[in-house]
Amino acid sequence: MSRDVGGADPQKTLRIGPFTLRNRMIFPAHLTNFSSGGTITEQHIAYYEARARGGAAMIITEEHTVHPSDRPYEKLIRGWDPAVLPGYRRLTDTVHRHGTRILAQLNHNGAQGSSMYTGRPLWSPGTDPDPLFREVPMAIGEPEIAELVDGYSDVARRCIDGGFDGVEIQCSQASILRAFLASGTNPRTDLYGGDLHGRARLLLEVVARVRAEIGPDHVVGVRLSGYDGTDGGIDVDDAVQVARMLETTGHIDYLNTSVGVATETLHLIEAPMSTPHGYSLFVPSTIRAAVSLPVVGVGRFTRPDQVRAALSDGVCDLVGAVRAQIADPEFAGKVLSGLDDEVRPCIGCNQECIGRVGLGRWIGCTVNPRAGRESVLLPEVRSPGRRVLVVGGGPAGLQAAATAAHRGHVVTLCEREASLGGQVRGAATAPHRAELLSMVTSLEAECLRAGVEIRTGIDVVIAVVEELRPDAVIVATGARPLRPAWAGESQRVVDVRDVLEGRAEPSGRILVVDDLGFHEATSVAELLADRGCDVTVCTPGMIVGQDLGLTLDMDGWLRRAHEKGIGMVPDVAVAGLVVRDNSLHVSLVHHPTGKTRVLTVDGVVVATHQAPVDELWTALSESGICVSRVGDAVAPRRAHAAILEGDRAALELGV
Ligand code: SF4
């Protein structure tokens with residue numbers, strides 16, 4: 001086993017075990033929630049096929065559990081069930097047709113789960129509950145350990161019978177093997193506890209049994225946590241020692257890496273937009289320096305230059321990019337072809353990938369409306385060349401224009417403002433939110449490549465439409481802020497958009513009212529705190545920015561809010577406002593108790609619901625012109641809905 005060393009670039013092939021990978025980019029394991037009845041579905045097959053067709057050298061599927069005691073979520077692939085075999089074969093045949101290798105990840109989640117689905121106790125090295133699931137597990141004995149090792153071996157065999165090129169053994173984010181490895185979760189005093197060698201015993205036994213079962217003609221890899229970020233968790237020194245132990249066995253062909261634990265430090269795994277690129281590369285580079293096995297680096301690779309730098313700097317031998325390939329299934333191929341400007345980049349929003357999966361729904365993507373829907377056939381265009389007018393250059397309008405142009409229509413997009421982007425442009429001015437803008441710039445570039453005529457600074461009224469005489473109009477005119485009744489006429493009560501879009505510059509003591517529970521209020525609070533304001537955020541919710549937990553932004557927000565001295569008042573509704581002595585006196589009702597307190601401030605910024613800008617839609621609807629409307633012009637929501645509806649409306653043209 002040797003590694004192709006030095007100065008790698010994405011095009012270079014790489015030998016891992018018995019196979020040669022065609023390039024250096026892989027699509028690593030991640031949950032999709034596509035499974036039905038514990039088996040592979042057509043949704044899986046189409047999703048993975050799109051990334052294989054897009055150029056990925058190797059796909060590692062999401063975890064296949066190795067034992068019935070493990071079912072932390074509903075849609076887990078049950079590798080122990082022979083019913084999985086037909087789906088395995090359909091999936092692997094499909095992926096292989098594109099020259100892509102495919103491995104199955106094997107796992108048991110241990111205590112990082114719930115007994116809700118199985119009705120059986122969780123398995124763990126000890127009895128400490130996971131901090132997120134808070135369920136006390138049973139400490140497994142030698143009979144269960146033997147069953148577990150058999151499970152890995154049996155499922156590895158089934159995967160090979162199903163056409164997989166090999167398996168990856170998870171010893172990372174959510175794994176009983178990682179729990180055995182870490183001193184903080186392994187209190188055992190038997191052969192499987194004690195020092196690192198004892199704690200690694202189970203992993204090494206599993207590796208040996210799996211290799212013995214599937215032989216030398218298939219790949220065996222291990223995904224190893226390099227930094228758990230928890231008390232008593234694995235750190236990079238532990239990981240280096242374990243990597244050396246694994247290499248010494250001679251049983252494995254590559255090492256994959258990870259940071260974070262799927263429950264307590266999940267924000268380190270699918271790091272949100274506020275996390276710097278390259279934050280986790282110290283793990284693969286340290287491990288790579290210590291072993292000669294090929295090493296995979298992961299962690300927020302969203303642009304081709306980051307891939308090239310990691311490879312040429314010797315950080316890793318293979319780049320594992322999950323979200324980059326969810327956002328753009330052709331990411332790998334574009335990197336190989338140098339089509340950097342054509343990548344639709346992942347923006348690190350986590351809204352439709354981890355955010356949806358965390359709610360038990362199948363994976364999607366804010367910027368890629370087809371992610372998770374690859375198995376849905378697109379309607380045929382029977383009459384291309386229709387003249388389409390798109391009104392509004394936010395995400396909905398841009399996506400509608402791009403899709404319509406790709407489908408062979410002649411598209412003009414008109415935007416009232418001087419620049420495109422709608423609300424995204426303002427939102428991207430907030431601290432740690434700048435990457436939002438690439439949603440707009442990449443769509444704009446795509447529109448131009450597809451031949452869309454873009455006109456800015458034009459206010460489209462019905463007379464303009466009648467003059468342009470399009471065959472169809474798509475109205476994407478967005479939304480306008482609603483002013484709460486309690487705000488009265490005070491000029492010192494403004495909307496978050498007024499601040500983010502530069503129309504208002506409040507100063508002094510500022511109350512931010514968070515009615516939306518997402519980035520709007522927290523963004524403006526940070527922006528104003530950075531400008532020297534004394535900021536308090538109030539909300540009727542139990543916590544400010546309550547949806548930030550879903551996108552893994554909560555930890556970062558709370559840490560930064562603390563550092564910036566931002567105060568928070570939960571469980572209150574604004575009941576009224578009085579202007580007196582040059583100050584605003586805001587009454588806040590604590591809704592669980594009905595008690596009122598008054599906060600005296602110099603200004604109020606409101607993050608509240610909006611209303612559709614639908615005058616053009618209404619006028620056109622009554623004119624007999626073929627018209628549809630999308631995004632916030634229908635009902636103000638988040639960016640994913642705008643992009644999805646823009647795509648849908650354009651797909652329906654000319655069919
Ligand atoms: Fe990236 Fe956001 Fe898409 Fe997830 S939903 S893949 S974070 S752009």
Side-chain angles (χ1 to χ4, degrees), residues 28-31 63 70 72 105 107-113 122-135 137 168-188 192-204 206 221-246 255-272 275-276 278-288 290-291 295-300 316 320 322 354 358 552 554-556 559:
H30 55 284
L31 307 191
E63 62 187 1
D70 178 39
Q105 189 183 72
N107 194 34
H108 188 296
N109 287 269
Q112 291 173 265
L122 299 173
W123 285 13
S124 180
T127 57
D128 282 348
D130 176 82
L132 192 79
F133 284 95
R134 303 183 301 276
E135 181 169 330
E168 177 178 272
I169 296 162
Q170 198 205 121
C171 182
S172 51
Q173 296 98 323
S175 165
I176 197 167
L177 298 179
R178 187 203 52 76
F180 268 82
L181 210 51
S183 61
T185 43
N186 183 347
R188 302 174 79 97
Y192 295 93
D195 66 10
L196 189 59
H197 284 271
R199 301 197 306 269
R201 180 181 300 276
L202 180 57
L203 170 63
L204 298 178
V206 166
V222 170
R223 188 162 196 187
L224 188 60
S225 176
Y227 174 70
D228 287 350
T230 58
D231 286 345
I234 294 165
D235 63 21
V236 75
D237 294 334
D238 297 330
V240 164
Q241 289 188 62
V242 177
R244 287 188 174 129
M245 291 180 211
L246 287 164
L255 278 167
N256 197 350
T257 57
S258 79
V259 296
V261 176
T263 45
E264 197 175 349
T265 52
L266 185 57
H267 61 281
L268 294 176
I269 303 172
E270 284 102 0
T275 307
Y279 73 103
S280 59
L281 295 184
F282 70 99
V283 170
S285 61
T286 308
I287 292 176
R288 189 173 187 266
V291 298
V295 174
V296 181
V298 298
R300 236 160 94 63
C316 53
V322 173
I354 184 69
L552 313 183
M554 186 62 87
D555 290 76
R559 193 178 56 251

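What you see is a predicted model, and the numbers here were worked out from it, not measured in a lab.
- Between L268 and G260, the shortest heavy-atom distance links the atoms CB-CA, 3.8 Å.
- Closest non-hydrogen pair, V295 versus V291, comes out as CG2-CG2, 4.2 Å.
- A search for side chain to side chain contact (heavy atoms under 4.5 Å, CB included) contacts involving P137 returns A111, L122, S124, not counting sequence neighbours.
- Remark: of the listed residues R178, Q105, R223, H108, Q105 is the sole one forming a side-chain hydrogen bond (donor to acceptor under 3.5 Å, both in side chains) with Q170.
- Among all heavy-atom pairs drawn from Q112 and D130, the shortest one is CG-OD1, 3.5 Å.
- Legend: residues meeting side chain to side chain donor-acceptor pair (under 3.5 Å) with S225, ordered by chain and number and at least two apart, are D228.
- Around atom OH of Y227, no more than 12 heavy atoms belonging to other residues, nucleotides or ligands sit under 6.0 Å away.
- Atoms CZ and CG, from R300 and L281 in turn, are 11.5 Å apart once rounded to the nearest 0.5 Å.
- No side-chain donor-acceptor contact under 3.5 Å links S258 to the backbone of I269.
- Nearest heavy atoms, A29 versus V322: O-CG2, 4.4 Å.
- Between V296 and C316, the closest side-chain pair of non-hydrogen atoms is not below 4.5 Å.
- For H267, there are no ring pair (Phe, Tyr, Trp, His ring centres under 6.0 Å) partners at least two apart in sequence or on another chain.
- With rounding to the nearest 0.5 Å, the separation of CG in N186 from CZ in R201 is 11.5 Å.
- The CG atom of L255 sits 6.5 Å away from atom CG of L224, with the distance rounded to the nearest 0.5 Å.
- For the pair T286 and V240, the minimum side-chain heavy-atom distance is below 4.5 Å.
- The distance from the CZ atom of R199 to the CG atom of L196 is 5.0 Å, given to the nearest 0.5 Å.
- Of all heavy-atom pairs spanning V222 and L203, the tightest one is CG1-CD1, 4.4 Å.
- V298 and P28 get closest at one heavy-atom pair: CG1-CG, 4.3 Å.
- Taken from CG in D70 to CG in N107, the straight-line distance is 6.5 Å, to the nearest 0.5 Å.
- No donor-acceptor pair under 3.5 Å is formed between the side chain of N256 and the backbone N or O of G221.
- A distance of 10.5 Å separates CG of L177 from CG of N109, quoted to the nearest 0.5 Å.
- The main-chain N or O of L132 is found under 3.5 Å from a side-chain atom of R134 such that the two form a donor-acceptor pair.
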